[in-house]
> 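To start, I am sharing the structure in question, which I have written as structure tokens.
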Amino acid sequence: MMAAGDGHHSADPPRGVISASWRRSLAAGVDPDTQSATQVCDHRDLGTVRSSHPLQPLLPMLAHTLLAVADETAHIMIVTDARGLVLWRDGNHGAMRSADRVGLADGFDWGEQAIGTNGMGTALAVRRPVHVYSTEHLVRALHVWSCSAAPITDPDTGDLLGCVDISGPMHSMHPATVALVGAAAHLAESHLELRMRERDDRLRVRYEAYVRSRQGEIAALVTRTGRVIAGDPAGTWGNRVHMPVVGDHVTRLDGGAGVLEPLGEGFILRTPDRPGTTPALRLAFLGTEPPQANVDGRCIVLSLRHAEILALLALNPRGLTAEQLSFHLYGDDGNPVTIRAEIHRLRAQLGGMVVAKPYRLAAPVYADFLDLQRLLSNMDTMAVARAYTGPLLPRSEAPEIRREREQLEGQVRARLLLSGSAEALWAYVQTEGGREDYEVLERVNAMLPPDDHRAVAARLRLRG
């Protein structure tokens with residue numbers, strides 16, 4: 001291994017993590033005389049990549065933790081995705097100008113197979129914090145740099161999400177910097193775990209409402225990544241299920257069949273409806289985007305207009321004429337001819353479940369917003385909080401849907417503020433309308449112990 005900056009080999013052998021990285025890099029065909037990393041994503045596409053990346057919401061926290069240190073010490077802070085693509089870079093302006101010469105910039109590939117041994121690529125390869133000093137880089141053009149990087153892992157799936165890195169001139173980068181970036185990566189994972197728990201809480205709320213409305217049905221609750229988080233007392237599904245790439249059918253551990261039914265940010269796993277029975281129509285319209293229906297295990301993604309029609313028919317079980325539907329959806333500007341055309345397309349999706357004269361639903365209907373209406377008539381505030389998982393068809397501007405949405409949310413909020421427990425209020429602040437509701441957040445913070453993770457989350461939102 002070369003001594004720092006002298007261009008000669010020392011008698012000391014390279015560290016094991018470095019020599020292993022060199023072997024991987026050379027096997028991948030990396031040329032030690034390469035002058036710069038390769039740009040693989042231009043600025044026009046980078047914005048889309050950034051906005052959809054799971055680390056994007058954590059960038060302010062990472063910047064607050066590392067950026068001041070990086071700027072004061074003539075270093076730069078970098079965040080990459082799982083393959084080593086630089087998504088964000090900031091820090092000392094002089095250091096960033098120097099970094100541009102070797103492609104240490106947004107949109108460039110710093111994976112080991114692209115640019116050889118380096119803090120970011122090697123940390124991602126070995127999945128632990130790494131400090132790469134000067135001549136430990138395989139590529140000679142990088143010998144004036146040192147870097148410390150730590151990977152960030154998704155606590156839900158265990159998959160790599162990316163890494164955080166501090167890079168700077170070789171003579172000013174202290175090896176202890178790796179501990180700092182490791183702490184920042186751990187803090188990011190803690191935030192991700194807190195958000196995962198919040199998602200799980202929201203799913204359990206929906207699941208409990210589902211179980212109450214479908215007594216006796218064998219079901220389990222799973223996340224979109226396949227984690228089983230509720231139900232399944234007999235262990236039918238295990239801790240995690242293999243989610244199908246296409247379709248909605250899965251196989252249980254005992255060989256039986258199961259059907260995935262969308263539920264908020266996750267799925268219900270249940271047994272299919274029995275042959276010979278009329279399939280039920282299940283509607284998930286509270287806070288769910290896009291709106292979805294489920295018929296005998298078949299998931300149907302609905303257009304907003306079709307969801308609005310189904311919501312109105314579910315709210316009016318005796319049926320509505322084309323003229324009435326038109327008025328509820330469009331007001332005085334509505335045209336019944338348009339409604340008849342939409343009903344025709346909707347019946348192509350649902351078959352005989354929608355009948356005419358007047359238009360009505362001819363199948364058993366289970367809808368989250370109907371469950372909520374029934375629960376609002378009793379005094380069980382926890383049941384109300386669990387059933388209310390978001391506004392009814394939040395994108396709808398149809399007059400009747402908007403009126404129903406505002407009425408439901410107003411009734412839920414008033415009931416919970418009047419007599420809701422801390423658990424009920426916490427369930428409400430997981431919804432779109434409650435997430436930034438300062439009055440409810442202050443009540444949650446006041447009712448829970450200061451070190452309760454829900455109180456901590458409430459204070460963070462209030463400060464934000």
> Is R347 reaching over with its side chain to a backbone N or O of V354, donor-acceptor style, under 3.5 angstrom?
yes

> Closer than 4.0 angstrom, basic N to acidic O: yes or no for E198 and R195?
no

> Contact between M353 and V365 at the side-chain level, heavy atoms closer than 4.5 Å - yes or no?
no

> Measuring from L187:CG to T65:OG1, what's the distance to the nearest 0.5 Å?
5.0 Å

> For a side chain to side chain contact (heavy atoms under 4.5 Å, CB included) with S167, tell me which candidate from N118, L142, L104 qualifies.
L104

> Side-chain contact, heavy-atom cut-off 4.5 Å: I152 with L192?
yes

> So does N239 have more than 12 non-hydrogen atoms from other groups sitting under 6.0 Å from CG?
no

> Give a yes or no answer on whether the side chain of H75 reaches the backbone of C147 with a donor-acceptor pair at less than 3.5 Å.
no

> Taking L160 as the fixed residue, which of L124, T80, D154 is the one that meets the side chain to side chain contact (heavy atoms under 4.5 Å, CB included) rule?
L124

> Between R197 and E193, does any NZ, NE, NH1 or NH2 come within less than 4.0 Å of an OD or OE carboxylate oxygen?
yes

> Would you check, one step at a time, whether the test side chain to side chain donor-acceptor pair (under 3.5 Å) holds for S21 with E112?
CA-CA 8 Å; S21 175; E112 261 192 357; 2.5 Å; yes

> Give a yes or no on whether the backbone of V49 and the side-chain of S52 come within a donor-acceptor separation of less than 3.5 Å.
yes

> So does D159 get a backbone contact from the side chain of T153, meaning a donor-acceptor N/O pair under 3.5 Å?
no

> Does D368 reach the main-chain N or O of L286 with its side chain, forming a donor-acceptor pair under 3.5 Å?
yes

> For the CH2 atom of W110 and the CG atom of D81, what is their distance to the nearest 0.5 Å?
14.5 Å

> Return the orientation label for the W426 and H453 ring planes: parallel under 30°, perpendicular over 60°, tilted otherwise.
perpendicular

> Go through the side-chain N and O atoms of S148 and H131 and say whether any donor and acceptor fall under 3.5 Å apart.
yes

> Measure from the side-chain N and O atoms of W22 to the backbone N and O of E136, and report whether any donor-acceptor pair falls under 3.5 Å.
yes

> Quick one: do R386 and D371 satisfy salt bridge (Lys or Arg N to Asp or Glu O under 4.0 Å)? Show the steps, please.
CA-CA 11 Å; R386 289 169 176 165; D371 290 339; over 6 Å; no

> For the backbone of L87 and the side chain of R50, can you confirm whether one donor and one acceptor N or O come within less than 3.5 Å of each other?
yes

> Before accepting this row, confirm whether a basic side-chain N of the pair R402/E397 lies closer than 4.0 Å to the acidic partner's carboxylate O.
yes

> If the threshold is 4.0 Å, N to carboxylate O, is there a salt bridge linking D201 and R204?
yes

> What's the spacing between R305 CZ and L310 CG if we round to 0.5 Å?
12.5 Å

> Determine whether a donor-acceptor pair (N or O, by modelled atom type, separation under 3.5 Å) exists between the side chain of R454 and the backbone of A422.
no

> Enter the distance from D200:CG to I229:CD1 here, rounded to the nearest 0.5 Å.
4.0 Å

